[in-house]
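Comments concern the structure below.
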Amino acid sequence: MSKYDFKIIEPKWQKKWEEQELYKAEDNSPKPKKYILDMFPYPSGSGLHVGHVESYTATDIYSRFMRLKGYNVLHPQGWDAFGLPAENYAIKTGIHPTETTKEAIKTFTKQINSLGFSYDWSREVNSSDPAYYKWTQWLFLLFYKNGLAYKKKAKVNWCESCQTVLANEQAEGGVCDRCGNKVIQKDLEQWFFKITDFIEDQVVDNNEVKGLLNGLSSVDWPDSTKAAQKNWIGRSEGSEIKFSVGGYEPGIKVFTTRVDTIFGCTYVVVAPEHPLLKELGKAIKNIDEVEAYVAATKKKTDLDRMEAKEKSGVELKGIKTVNPFNGNSVSVYVADYVLGSYGTGAVMAVPAHDERDFEFAKKYNLQIKESIISNKGSKTECYTDDGQLVDSGEFTGKSSAEARELMMQWLEKNLQGSRKVNYKLRDWLISRQRYWGAPIPIIYCEKCGEVPVPEKDLPVLLPTDVDFKPTGESPLMLSKTFHEVICPVCGIKAKRESDTMDTFVCSSWYYLRYADNLNDQEFASQSALKQWLPVDVYLGGAEHTVLHLLYARFFTKALQKFGLVDFNEPFLKLRHQGTILAEDGTKMSKSKGNVVNPDVIVEQYGADALRIYEMFMGPLEDAKPWNTKGIVGITRFLEKAWKLATEKTLTDCEVGVGQCNCAPVGLPQLLHKTIKKVTEDIEEFRFNTAISQMMIFVNFASKFDSLPKPAVEKFLKILSPFAPHMAEELWSLIGNNESIFLQKWPEYNGALIRDELVNLVVQINGKVRETIEVEAGITEEAAQKIALEQEKIKPWLENKEIIKVIFVPDKLINIVVK
RNA sequence: GCCGUGGUGGCGGAAUCGGUAUACGCGACAGACUUAAAAUCUGUUGAGGGCAACUUCGUGAGGGUUCGAGUCCCUCCCACGGCACCA
């Protein structure tokens, strides 16, 4: 009688599985495909944490299940290896990021393999590998040549004391994370991707490219994620209206979604960046004061802006503008509560119906004029809902919705404005003044200007002769071997672009590379893409709800537009794993010292126990507190399962479980119910309830001394995706030579899961008074007859009149009395 | 403020179609085994009342629909996550 010793069996099978190449995705296979993907991890120095294990276990169970169901499964893993932590570590220690990354990947790989995950490692990718980032650069050039990558001045975080650009993550709270000084905004030339081109649907050569908004309706993603993306894109429909300014032809164009409130407009506000300020110049009588205000705003940090609770602004003296609807002349202000980067950079202020304008008007004693009253009659100081128009000329009395349409038509007819859609989403700033990323493949030549690196010269390699000590300049600027180059067009001395790409660029296409990771001619061949893409199931953290997922969708849509892929959405089904919290319900963090290290758990309880425990904690998507004591329950379950195969007499029965006499009463029924439940639960990612059901089966089966061998075998098969090592060991112990993972997933027998006897609930006025055991399929008449004969029921009916009987077949009978 | 998700025993959670609320697991209590402990096994474990059979209450709060509500509708409270001067 062998003992369950995970320390021996887990490494043993991990080695054997590797030798057998069980998890290789086949490029040419008649089987249907499933592409099951984890978000590739950043190989951090602190190693794998229990959150990784949660996500990877879920996809591993699903992948193993799908292989047993007969699918050709692609389940790869790789490394999102570029990024700040490795570079910061290099600055501190002088150890090159290539080295730390290599070490971290080694550790991660070892940890991942110790958990028995079924990755096809022959597909591994590493975004910091030149063979990979060659294609990141190639895609950049593809975008560049098609007008999707461009350069323009943009605000970046700048630390005056370190004389350097900071990434947003390094400027949190408006403070430099190196020296603690305030971060200011500085205008510098930056690279952008034109993601905004893909917000709405477009038709290219008769091909419909669904936009980032509409594409969401075709994918199976959590509602919260779809909502967050829509929110981020921030589509808003409204009107652009011209307010004329005497002596200044362009006038002031404002954007509003509430044209119905325009009769309440008492002034107009422009952003400090508005071109009108410079163009009007001396026409503004207090131009000095205005310029001082604008300069002060520019110096303001994000922190100041966040802290500034009070609105501020300056009137443009001598300037008036005219409301096209009523011809009223109103003042113009400059104020930094209006953003230069949204809409037209100018708004019509309606203090009676907009809280920001209200606040500003109160501070500067500006007129507050009501033009909407509530339908409900309730009146507040500042009423921002729709209602009924008052004091609005010919539109008085109309509802807000009606008025908006009529006023739009009026504007269009009189050429004073037009319908306009605005978005919060901006183009994607992809350049980083950083070392540890993919270099942007552009050369600057005095004669030829901006020159893309010729494809044959890719990849543009990261130089190694760099010093990481902070000097105030990008490390790439200081590398002579890198920076100085010959112009590929005219041959004179030129300079390379020293910026690298945002790591999100690298992760926007990695799922395509797994299809054909060794290809050195293309980022992936058309046949490989057709074979594997799109991704069927994608699992990862909810922190990527917006950025990564939006960027990856943008890449896919751009590639579809260029005819390089024939699908529109990269991830058909998406799920997020919930955060695993510390035992006290707070976030795990290094500083608090409450981080659970999976290595320790594997050492103490085994990989199978850790896997099942993490799946059993609760629904995959929920945040759940860790509780080491809870693993004991899983170990008990595994020990019991072990005993089923090793301590019971296993009877051979040819006819199959259910038709034989050797099965304990009720066991075949429970087995088939369990198969059904586990199958359905895996399909729906409800691993916690699948495990409960297997526990119920094991608890029941443990009561008997002898069990039919086929029943135990079927059970091991459904257990195998969860506890692969134990299932494989037991499978071989009871005499099977071929791996359990090459078997077929068991089917349940529908006839067996139907109970012959059911418990029928008897209710009086909806309250349970008795349950009776009856034959399944009993008729209402028969059920009622039995129910009324019950001793416990009789007293409830005394002196009562039966008004109604509700019968739910095989479930309940409810007698309504008065 | 806006958007989203959720609130069920001492704890993690189950009930996904409106039909026995608390499956499964942890913990706790009692018992068996043991010199003892651990491990294991068995039983009990929502709250109140009753010797008992039983019975009343009970899924964040309050209302409603229904023969019947954790589940549907309305009003509200709280927690978590995202966005946030986006006109």
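Protein chains get the first letters and strands the later ones, always in sequence-line order, with residue 1 at the start of each.
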Q: Grab the CD1-C1' distance between Ile631(A) and C11(B) for me, whole Å please.
A: 15 Å

Q: Scan Pro222(A) against the nucleic acid and name what it touches under 4.0 Å (heavy atoms): base, sugar-phosphate only, or nothing.
A: nothing

(Q) Considering only residues two or more places apart or on different chains, which pairs with a residue in residues 338-355 of chain A satisfy salt bridge (charged side-chain N to carboxylate O under 4.0 Å, His left out)? (A) Asp354(A)-Arg356(A)

Q) Partners of Ala609(A) by side-chain contact (heavy atoms from CB on, under 4.5 Å), sequence neighbours excluded? A) Tyr605(A), Ile631(A), Ile634(A), Thr635(A), Leu638(A)

Q. What's the CD1-P distance between Ile691(A) and G12(B), to the nearest Å?
A. 18 Å

Q.
A quick test of your reading: do over 12 heavy atoms of other residues, nucleotides or ligands sit less than 6.0 Å from NZ of Lys369(A)?
A. yes

(Q) How would you summarise protein contacts on nucleotides 47-60 of chain B per nucleotide, using B for base, S for sugar-phosphate only and - for none, with heavy-atom distances below 4.0 Å? (A) -------SSSS---

Q) Excluding sequence neighbours, so at least two apart, what forms side-chain hydrogen bond (donor to acceptor under 3.5 Å, both in side chains) with His548(A)? A) Tyr538(A)

(Q) Please tell me if Asn699(A) has a side-chain N or O lying less than 4.0 Å from either OP1 or OP2 of C24(B). (A) no

Q: Mind checking side-chain hydrogen bond (donor to acceptor under 3.5 Å, both in side chains) for Lys624(A) and listing every partner two or more places apart, or none if nothing turns up?
A: Glu54(A)

(Q) Could you work out, with ring-ring contact (aromatic ring centres under 6.0 Å, His included) as the rule, every residue matching Phe263(A), not counting sequence neighbours? (A) Phe325(A)

Q. What one-letter contact string describes nucleotides 62-77 of chain B from 5' to 3', where B marks a base within less than 4.0 Å of any protein heavy atom, S marks contact via sugar-phosphate atoms alone, and - marks no contact?
A. -----BS---------

Q. Nearest to the side chain of Thr689(A), which nucleotide is it out of A87(B), G25(B), A14(B)?
A. A14(B)

Q) Where are the stems of RNA chain B, defined as at least 3 consecutive Watson-Crick or wobble G-U pairs with both distances under 3.5 Å? A) B:1-7 with B:77-83, B:10-12 with B:24-26, B:27-32 with B:40-45, B:46-49 with B:54-57, B:60-64 with B:72-76

(Q) Once side-chain hydrogen bond (donor to acceptor under 3.5 Å, both in side chains) is applied, do any residues pair with Tyr423(A), and if so which ones, sequence neighbours excluded? (A) Glu200(A)

Q | With Ala701(A) via side-chain contact (heavy atoms from CB on, under 4.5 Å) - residues at least two apart | A | Leu644(A), Leu667(A), Phe697(A), Leu707(A)

Show me, pair by pair, the donor-acceptor contacts under 3.5 angstrom made by side chains of residues 761-780 of chain A, not counting sequence neighbours?
residue   : atom : partner   : partner atom : Å
Asn765(A) : OD1  : Val817(A) : N            : 2.9
Thr779(A) : OG1  : Ala782(A) : N            : 3.2

Q.
Could you work out, with side-chain hydrogen bond (donor to acceptor under 3.5 Å, both in side chains) as the rule, every residue matching Glu680(A), not counting sequence neighbours?
A. Lys676(A)

